[in-house]
**Q** 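Have a look at this one.
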Amino acid sequence: MLKASYYLNPDVVFLAKDLIGKTLCTRINNKLTCGIITETEAYAGVVDKASHAYGGRRTHRTETMYNKGGVSYVYLCYGIHRLFNIVTNIKDEPHAVLVRAIYPTKGIKEIEKRRGLKFSPNFCVGPGKVSQALGIDLLHNNISLTGNELWLQDDKVNIKESDILVGPRIGIDYAGEDAKLPYRFWTEKRDFK
DNA sequence: TATAAGATTTACT
DNA sequence: GTAAATCTTATAT
């Protein structure tokens, strides 16, 4: 399991990249499901127009991001989808990494049941699908990532620097110039060993 | 209290 | 390609 100190790194963009290839696990309703993270986006706090915390905004919802790194930030989008983020950096620095896609490795039968679909290449590509696949709900907002319900681990999968692609974030056109920042990281790799 | 819009997905034309 | 689903949050009356 990744240590609590891992999430305190002040460079959220570095972490977003570093998280590619790590494994995200949940044990919800006593069902273990895991997947390798294949796509992330960084949300760089108060200076990032795309972030909920832009300009230092503090509300009931965004308060979670002001916590110390190493907790989850789950919120509802478009009234339908639960988006899962990893809160990073020290307390009062509202940085977060959005997990946009995973490649399922454990509990695939349970994931198929939750999604109501059979395994396919784009099975868990898209932030709403990731949460649904792993059983993450609003109940799991603001919980520790070093506990036994929701955590990350490094399975030492073989990801090379050249396997990681970089580009602008998605679905945040309202953020003006910041929508173009290269804060999105993903890999096309699927043969993890 | 009311209204508008959103870090999306899915189905339909 | 376009639109509907669906509800919380933020901002305004």
Side-chain angles (χ1 to χ4, degrees), chain A residues 7 11-20 22 24 26 33 35 37-67 69-89 93-104 111-143 145 150 152 164-187:
Chain A
Y7 303 102
D11 188 347
V12 68
V13 177
F14 166 82
L15 273 179
K17 185 176 176 185
D18 197 60
L19 282 165
I20 300 287
K22 298 287 189 292
L24 175 63
T26 62
T33 46
I37 296 170
T38 55
E39 185 176 345
T40 62
E41 284 179 3
Y43 284 85
V46 298
V47 298
D48 185 353
K49 290 196 182 69
S51 171
H52 292 158
Y54 174 65
R57 191 167 39 179
R58 284 184 96 123
T59 65
H60 180 65
R61 178 174 66 156
T62 62
E63 194 63 28
T64 302
M65 277 199 284
Y66 288 85
N67 269 335
V71 298
S72 62
Y73 173 42
V74 183
Y75 76 96
L76 194 67
C77 188
Y78 297 101
I80 304 170
H81 305 288
R82 291 142 196 91
L83 272 60
F84 170 70
N85 298 250
I86 297 163
V87 175
T88 70
N89 212 324
E93 282 293 334
H95 291 189
V97 176
L98 170 68
V99 177
R100 295 188 56 86
I102 60 167
Y103 182 82
I111 291 174
E112 287 179 337
K113 204 166 107 187
R114 284 176 183 150
R115 298 269 299 117
L117 292 168
K118 289 291 174 191
F119 182 88
S120 72
N122 291 334
F123 201 33
C124 299
V125 177
K129 296 185 200 174
V130 170
S131 303
Q132 190 187 13
L134 296 179
I136 296 171
D137 209 335
L138 296 181
L139 296 169
H140 306 104
N141 182 40
N142 202 17
I143 65 172
L145 297 175
L150 178 57
L152 284 95
I164 299 178
L165 307 172
V166 183
R169 291 172 293 182
I170 287 179
I172 52 162
D173 294 342
Y174 60 87
E177 286 298 304
D178 284 347
K180 297 173 187 159
L181 290 170
Y183 281 4
R184 173 170 169 254
F185 301 92
W186 76 100
T187 179

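Lettering of chains follows the sequences in order, A, B, ..., and the numbering in each one begins at 1.
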**Q** May I ask you to say what A/Arg169 touches in the nucleic acid, namely base, sugar-phosphate or nothing, with a heavy-atom cut-off under 4.0 Å?
**A** nothing
**Q** Measuring from atom CG of A/Leu165 to atom OG1 of A/Thr187, what distance do you get when rounded to the nearest 0.5 angstrom?
**A** 6.5 Å
**Q** Within the structure shown, what part of the strands sits under 4.0 Å from A/Arg82 by heavy-atom distance: base, sugar-phosphate, or nothing?
**A** nothing
**Q** Can you tell me which stems DNA chain C forms, taking runs of 3 or more consecutive Watson-Crick or G-U pairs with both distances under 3.5 Å?
**A** B:1-6 with C:7-12, B:8-12 with C:1-5
**Q** In Å and rounded to the nearest 0.5 Å, what is the OH to OG1 distance from A/Tyr73 to A/Thr64?
**A**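 OG1 of A/Thr64 is found 6.5 Å from OH of A/Tyr73.
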**Q** Record whether the side chain of A/His81 comes under 3.5 Å of the base of B/dA7 through a donor-acceptor pair of N or O atoms.
**A** no
**Q** So what does A/Leu98 hit on the nucleic acid, given a heavy-atom distance under 4.0 Å: a base, only sugar-phosphate, or nothing?
**A** base
**Q** Could you grab the distance from atom NZ of A/Lys22 to atom CG of A/Leu152, nearest 0.5 Å is fine?
**A**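 Here the rounded value is 9.0 Å.
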**Q** OP1 or OP2 of B/dT10 less than 4.0 angstrom from a side-chain nitrogen or oxygen of A/Tyr78, does that happen here?
**A**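 No, outside the criterion.
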**Q** With heavy atoms under 4.0 Å as the rule, sort A/Ile80 into base, sugar-phosphate or nothing.
**A**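 Base, at least one base atom sits under 4.0 Å.
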**Q** From CZ of A/Arg57 over to P of B/dG6, roughly how many Å is that when rounded to an integer?
**A**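 It is 11 Å, rounded to the nearest whole Å.
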**Q** If only atom types and distance count, is the side chain of A/Arg61 paired as donor or acceptor with the main-chain N or O of A/Leu76 below 3.5 Å?
**A**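 No; judged by distance alone, with no hydrogens or angles, the pair does not exist.
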**Q** What's the CZ-P distance between A/Phe123 and B/dT10, to the nearest Å?
**A**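 Distance check: A/Phe123 CZ to B/dT10 P gives 11 Å.
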**Q** Rounding to a whole Å, what distance do you find between A/Ile170:CD1 and B/dT8:C1'?
**A**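 From A/Ile170 CD1 to B/dT8 C1': 11 Å.
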**Q** Side chain to side chain contact (heavy atoms under 4.5 Å, CB included) for A/Ile136 and A/Arg82? Distances and angles first, verdict last.
**A** CA-CA 8 Å; A/Ile136 296 171; A/Arg82 291 142 196 91; 5.6 Å; no
**Q** Measure the OH-NZ distance between A/Tyr174 and A/Lys49 for me, rounded to the nearest 0.5 Å.
**A**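 Reported value, rounded in 0.5 Å steps: 12.0 Å.
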**Q** Mind checking which nucleotides bracket the chain A contacts on DNA chain C, 5' to 3', with an atom under 4.0 Å from a heavy atom?
**A** C/dA5 to C/dT11
**Q** Does a donor on one side chain and an acceptor on the other come within less than 3.5 Å for A/Arg114 and A/Gln132?
**A** no
**Q** Using atom CG of A/Leu181 as one end and atom P of B/dA7 as the other, report the distance to the nearest whole Å.
**A**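 In whole Å, B/dA7 P lies 16 Å from A/Leu181 CG.
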**Q** For a side chain to side chain contact (heavy atoms under 4.5 Å, CB included) check, start with the C-alpha distance between A/Leu24 and A/Phe84, then their side-chain angles and the critical distance, and finish with the verdict.
**A** CA-CA 11 Å; A/Leu24 175 63; A/Phe84 170 70; 3.7 Å; yes
**Q** Taking only residues two or more places apart in sequence, or in another chain, which ones meet A/Glu41 in a salt bridge (Lys or Arg N to Asp or Glu O under 4.0 Å)?
**A**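 So A/Glu41 forms a salt bridge (Lys or Arg N to Asp or Glu O under 4.0 Å) with A/Arg100.
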**Q** Could you check how far CD1 of A/Ile136 sits from C1' of B/dA7, rounded to whole Å?
**A**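 From A/Ile136 CD1 to B/dA7 C1': 15 Å.
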**Q** To the nearest Å, give me how far apart OH (A/Tyr75) and C1' (B/dT8) are.
**A** 9 Å
**Q** A/Tyr174 has an atom OH; how far is it from atom C1' of B/dA4, in whole Å?
**A**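 About 15 Å, once rounded to whole Å.
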**Q** Ignoring backbone atoms, establish whether A/Lys49 has a side-chain N or O less than 4.0 Å from OP1 or OP2 of B/dA7.
**A**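 For A/Lys49, the contact criterion (side-chain N or O under 4.0 Å from OP1 or OP2 of B/dA7) is not met.
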